[in-house]
Every structure is written in structure tokens, then in C-alpha cells.
Amino acid sequence: MKIVVCIKQVPDTKGGVKFNPDGTLDRGAMLTIMNPDDKAGLEAALRLKDQYGAEVTVVTMGLPKAEEVLREAMAMGADKGILVTDRVLGGADTWATSQTLAGAIRNLEYDLIITGRQAIDGDTAQVGPQISEHLGIPVISYAQNIKIEGDSVIVERQYDDRYHVLKAKMPCLITALAELNEPRYMTPGGIFDAYNAEITVWGRANLVDVEDSNLGLKGSPTQIAKASDKVRKGAGEKVNLDPTESVDYIIDKLKVKHVI
Amino acid sequence: MNIQDYKGVFVFAQQVDNELSGIALELVGKGKDLAKDLGTEVTAVLVGSGVGALADTLGEYGADKVIVVDDPELKEYRTEPYAHALASVINEFKPDIFLVGATAIGRDLGPRVSARIHTGLTADCTQLDIGDFPINPIPGKEQLHNQLLMTRPAFGGNTIATIACPEFRPQMATVRPGVMQKAPREAGRKAEVINYNPGFTPNDKYVEILEVVKAVSDVADIMDAKILVSGGRGVGSPENFKILEDLAEVIGGTVSCSRAVVDAGWKPKDLQVGQTGKTVRPNVYFAIGISGAIQHVAGMEEADIIIAINKDETAPIFEVADYGIVGDLNKIVPALTEKLKVELAEK
């Protein structure tokens, strides 16, 4: 079985979030990580590899620096890493990103494509389903409990108040949630091998069946009209009183605001 | 693509088990506002099996037209037939704007549809306006009018971006549930109903549903609550949520929680507030033992009054709280409940 996993290098918005004195985000001070949902997708692929035997190829699109997450993935157990990087791909929205990744994946053999549900920087959850559309294969998003049965994959797909047990013919695309599993650590030997492993680097010329008009900023239907750091409602009052006084304070505020 | 051919505001009227989801009426309400600004109509697109009767409700809440796509293949939600339904409606009726709820269904369906018809899709919008693009005139660039300006949070709620889709139609957005307001119901108001079926032929993209497992949940929907008593890891144990439940009962509120509590298995996921949970905007939000990670704040900062109780005076929750109390929740919360009982009994 051949599995392709799409991963993304993102700024770490969790824990490592730093603010400027005016309350805006200090991006320069933030670290980059492998997107958590993507890491869960990779872990799911590696478990299928452990269970059924599979070749796992990780693909990322980004700046040359994004090679770091490919090496991390290979240190966890992925077999091959492909970096898709080219100036003409910059500024892509989800349409252009999914066109790029679909163009790269058309070079590969695959039974299963796994992507994270969403990246923590954009939070769109669009690229996975859009890749599946471009490739003309079924998509199952928010997958849990992935099993292989013959030429089909059986997964649980979570909704608000229910889940569906779905069966799809392979090839198919699955999107994974960080809650899906606990990703394994890199092994020391894996880190050593990954450091020396060869990373395949592809540019525009390697993308199959994609028109220039669908790539990068120029190929992006959505355009940013305005972007700003969020202006937060300022902090209100903060008091440090004994419990009885605290209760009186809350009751007083609830009365002033006509809650009670 | 001739952009002038695309007219009207369309919304996907999500239903589950032939009951309209809350987001369907919220989108009709917002769609009505946008349609008014554009001098056009709002059309609800109802997709399912045996769902025609729901068109009346959509009309009463403001839909001018309802396009009904009714087919046995559409009984339970599946990506492919639903994507085919919406893409066919778009190709046939050519809407200027198409809105979908940012629900588990809509966030799966929206990208598949936008990729099929080649247009942009802005995810998880919290604000929609009609305006100019570029917003301010730029020399040498034509300023387009009557564009849909779609505003959404990104970077875990740290930044806000406004997005336009000037060269492709329809302008598509998924919209966060609980943010837009539904219009008041006008009993007896009728929408024009159009039945449309593009034909559904199963192929390899149709997945097979082997089983539907419904979680039995008798908890109130936290998105509808006027008062939320929300607990975090600081509550300490699932048993200790009892003191929050007592407070909620006395004040007429509902208990909700942070992600840490769900991850620890103390409370079910449908009570989770935050970016990966639900967006709430109650009149009063008690944040009890919640540190206030950005992802949590993104889901509750629109509450009218935020009251935080936390023993750590540096907790980020105090940066968004209207009233912050530094102290021991185990002492304050039960005492507050008792005092409230007395206060309310006097009324």
C-alpha cells in the first residue's frame, strides 16, 4: 500500500504565543512546528504502515525551510520526503494550494492520501477536500479509527451528535484530527537517518496538469482586502479579596448589570 | 465567466434528520440583510430526502425563494451527492453570493463545491458586509463596488482578515454558527418554492454508510444559553463540577467547559467552548478555573459580561474578563451559590 501524507510547517500559536506591549502578536518570537492535525495524519499513516505494511511519502509545500518538517516526519518513520517550493507558488490561497499539491501528487502512486483537518495558522480545513476534488477521489473528513478492508477503507466520521461508519473505495483522501491519536516521538536513529536522508525538491515544472493561472497569488480567487491584529476588548477590573468579599463583589456586579 | 450573469444571495439550509439546523435560519437572516444592500433576493437551498415541508419555515424566517433538491440519495449527509446538488444549483441558477454554515457538514461540503466550480471560499467567517474592493481606492486599480467582504479570525484568533473574491462567482463563505442573527418569524409568510433535481448516479466517489451511531445527549445546547457557568482544568476533578452545576441551577444557567476538561474526559465534547468547540455569546459567562488560552477566548470573548475566577492572578483570562476575581474557586463558588439563593428568594 502507498500512502501520501500532506504536512505543513506553521507558526506555533499554542503555548509559544508572544504578544507585543500593545497586545498584538509578536510573530518574530514564535517558533515553527509541524501542524498538529497533520502530525496526527502522519501518525495514522505510520500505524497503517505498522499494521498492514505501507510506503509513506510526506509532501509539503512551502519555503525551503519547510524541509525541517519533512526531516521530522522521516525521523518518525516516513519513507520519503518531497518539498514543493517555487517563487511562483507564493501567496497561494486554498484553491491555488490544493491545485499545487494535487499537481505534485499526480506524480505519485497512492492508495490513500491523508491530510490534517486544518492548519493552526489559517484554520480553513479546505485544502484536503479541495485536493480530493481536483484528483476526482472521495474524501472523508474528520476521520477516526481508520481500517483497511480489501480495496476499501473503513473509517468513523464524526459529526456534532453522531458518527457515520463509512466505507470508501481506495484511492481516497482522509483528513485527520489532532484528537485522533498521540503521535510517536522521533527515534535517535531515525533523527540521524533523517538528517542524512535525501529530500526530493520539486518546483513549478514538476507539477502535472496544472495551469499557471491556478497557481500562487495570481491564481488565487480570494484576495485579502484588509488584515489586522485583533483589537481585543481591554481587561476590566481585577480584584483580590477574601472569599466573602469576593462573593459580595460578584453579587453587586450582577445587580448593577441587571442579571439578578 | 461573466460576473454580471450572477445574481442573488443563496444560502445552504442545512438540515439533519429533516430538521433545520440553527445555522440555516441564521444564514437566511444574514442573507436577507446582504440581499437588501444589493437590492436582490435571498434564496435558501434545501437538500435532502422528503424535506419539502421545511420550505415553509424558511419562508417564515425571511427566504424569498426556496430551491428544493429532494432525492433518496440525499437522506443522510454524504459529501459527493451533496456537493453535486450544490454545484448543480450554482451552475443552473448562478448566484452572486453563496453562504454555507461552518458546521462539520458545511466545512466538508464547502471546499468540495468551491473546488468543483472554481471559485474562492473564505472559511469560518464571523462578519459579512457589502462594500468596495479594494476598500480604499488604489491609483491604477479599478475599485469594484457591491463586493462581499468576508471577515474571519486567523492565527488562532490572534488576527483578523477581510477577504474578497472579486473575479470569481459565486462569492462563497462558510459562516460560524451562533454569530449571525436569525430574523424574527413572520407567521404565514410564503417563499416561492422551486423543485430542482440534477439527477444522482452513484459512482466511486459515493461512500457507503455502514452505520449511523447517534450519541445520546440530553444536555442543553450551550450556544442557546443566556448564562454559562464554564469550568476549566482548575476545577480539579469531574466530581468537583458539582459546585458549578449548583451555581448554574440557582442562577438559571448551563454548564460548559474548556478543551482541557474534554481532553481529560471530564465532560463531553458538546459542552466545549473555544476554537475547536463552540462559539458562544451569552449574557453572562463565568470562567471558573479557566486559564484563558487564546483558543478558548476565541469562543467566548463576545459574551456581554465575563466574570473570571482564578487563583493565578497572571492567568490570561483576566485580560478579557470584565470582572476578575483572584481567589480559590472552591471557597468562592459554593458561597456565591448560597448567597444567590438568599438574594433570589428575597425577590
Side-chain angles (χ1 to χ4, degrees), chain A residues 13-14 17 25 93-95 98 120-126 129-130 132-134 137-142 154 158-169 220-230 232-233 235-241 243-244 246-247 249-251 253 257 259-260, chain B residues 79-80 104 107-108 111-112 115-116 119-124 133-135 149 154-168 204-205 207-215 217 283-284 294 301 305 307 313 318-327 331-332 335-336 339 343-344:
Chain A
T13 59
K14 221 198 258 174
V17 178
L25 195 67
D93 73 354
T94 63
W95 165 269
S98 59
I120 56 173
D121 52 355
D123 292 321
T124 71
Q126 289 175 190
Q130 287 175 333
S132 72
E133 176 66 22
H134 300 318
I137 59 173
V139 60
I140 300 176
S141 45
Y142 309 164
I154 295 174
Q158 185 71 47
Y159 294 89
D160 294 338
D161 70 335
R162 67 189 61 189
Y163 64 87
H164 286 171
V165 182
L166 297 175
K167 182 176 181 180
K169 267 226 157 61
S220 296
T222 59
Q223 299 181 21
I224 294 176
K226 193 172 72 179
S228 56
D229 285 333
K230 181 157 190 174
R232 296 200 171 275
K233 182 169 83 170
E237 305 172 21
K238 183 162 69 174
V239 297
N240 199 337
L241 306 165
T244 313
S246 294
V247 168
Y249 171 80
I250 296 170
I251 299 268
K253 296 303 176 191
K257 293 286 182 181
V259 178
I260 56 171
Chain B
T79 313
E80 180 56 30
R107 300 185 91 213
D108 180 68
R112 191 91 200 195
R116 187 160 301 183
T119 189
L121 174 64
T122 305
D124 245 352
F133 179 80
I135 292 173
L149 301 179
F155 277 100
N158 288 291
T159 65
I160 290 276
T162 301
I163 311 283
C165 180
E167 289 159 18
F168 290 84
D204 278 354
K205 285 188 275 184
V207 300
E208 189 186 340
I209 299 178
L210 301 179
E211 197 183 345
V212 178
V213 182
K214 294 182 189 179
S217 176
N283 298 343
V284 185
I294 282 289
E301 64 188 327
I305 304 167
I307 300 173
E313 64 177 308
F318 289 125
E319 288 165 27
V320 295
D322 298 282
Y323 306 112
I325 297 97
V326 181
K331 295 196 175 109
I332 296 170
L336 177 61
K339 185 85 187 268
E343 290 281 339
L344 294 170

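A, B, ... follow the sequence lines: proteins, then strands. Residue 1 opens every chain.
Under a 3.5 Å cut-off, the side chain of A:K167 and the backbone N or O of B:L210 do not form any donor-acceptor pair. A side-chain donor-acceptor contact under 3.5 Å links A:Q126 to the backbone of B:L121.
Of the listed residues (A:A125, A:S98, A:P138), the one with the most heavy-atom contacts under 4.5 Å to chain B is A:P138. Chain B forms the most heavy-atom pairs under 4.5 Å with one residue out of A:T94, A:I250, A:I154, and that residue is A:I250. Ranked by heavy-atom pairs shorter than 4.5 Å toward chain A, the options B:G324, B:A123, B:G120, B:A161 are led by B:G324. Between chain A and the options B:L336, B:I325, B:V207, B:V213, the largest number of non-hydrogen pairs under 4.5 Å is found for B:V213. Per-residue heavy-atom pair counts under 4.5 Å with chain B were compared for A:V259, A:T222, A:L241, and the maximum is reached by A:T222.
Crowding of A:K257 atom NZ: a count of heavy atoms from other residues, nucleotides or ligands under 6.0 Å not exceeding 12. Applying the 6.0 Å contact sphere to NZ of A:K169 captures no more than 12 heavy atoms from other residues, nucleotides or ligands.
The distance from the OG atom of A:S246 to the OH atom of B:Y323 is 15.0 Å, given to the nearest 0.5 Å. For the atom pair A:I140 CD1 and B:D108 CG, the distance stands at 9.5 Å (nearest 0.5 Å). Taking CZ from B:R116 and NE2 from A:H134, the interatomic distance works out to 11.5 Å, rounded to the nearest 0.5 Å. Going from atom NZ of B:K205 over to atom CD of A:E133 covers 5.5 Å, rounded to the nearest 0.5 Å. Note that CZ of B:R107 and OG1 of A:T124 are 7.5 Å apart. Values are rounded to the nearest 0.5 Å. Put simply, OG on A:S132 and CD on B:E80 are 9.0 Å apart, with the number rounded to the nearest 0.5 Å.
For B:A164, the side-chain contact (heavy atoms from CB on, under 4.5 Å) test picks out B:F133, B:L149, B:P166, with sequence neighbours left out.
Residue contact with chain A, scored on non-hydrogen atoms closer than 4.5 Å, involves the side chain of B:D124 exclusively. With a threshold of 4.5 angstrom between heavy atoms, B:V284 approaches chain A through side-chain atoms but not through N, CA, C or O. With a 4.5 Å cut-off on non-hydrogen atoms, B:T119 touches chain A through its backbone but not through its side chain. For B:I307, the part lying under 4.5 angstrom from a heavy atom of chain A is the side chain only. With a 4.5 angstrom heavy-atom cutoff, A:Y163 touches chain B via backbone and side-chain atoms both.
Here the side chains of A:L166 and B:I209 are in contact, with some heavy-atom distance below 4.5 Å. The shortest side-chain heavy-atom distance between A:I224 and B:I163 falls under the 4.5 Å cut-off.
Counting all heavy atoms, side chain and backbone alike, B:F168 lies closest to A:P221 at CD1-CB, 3.6 Å. Of all heavy-atom pairs spanning B:I135 and A:A225, the tightest one is CD1-CB, 3.8 Å.
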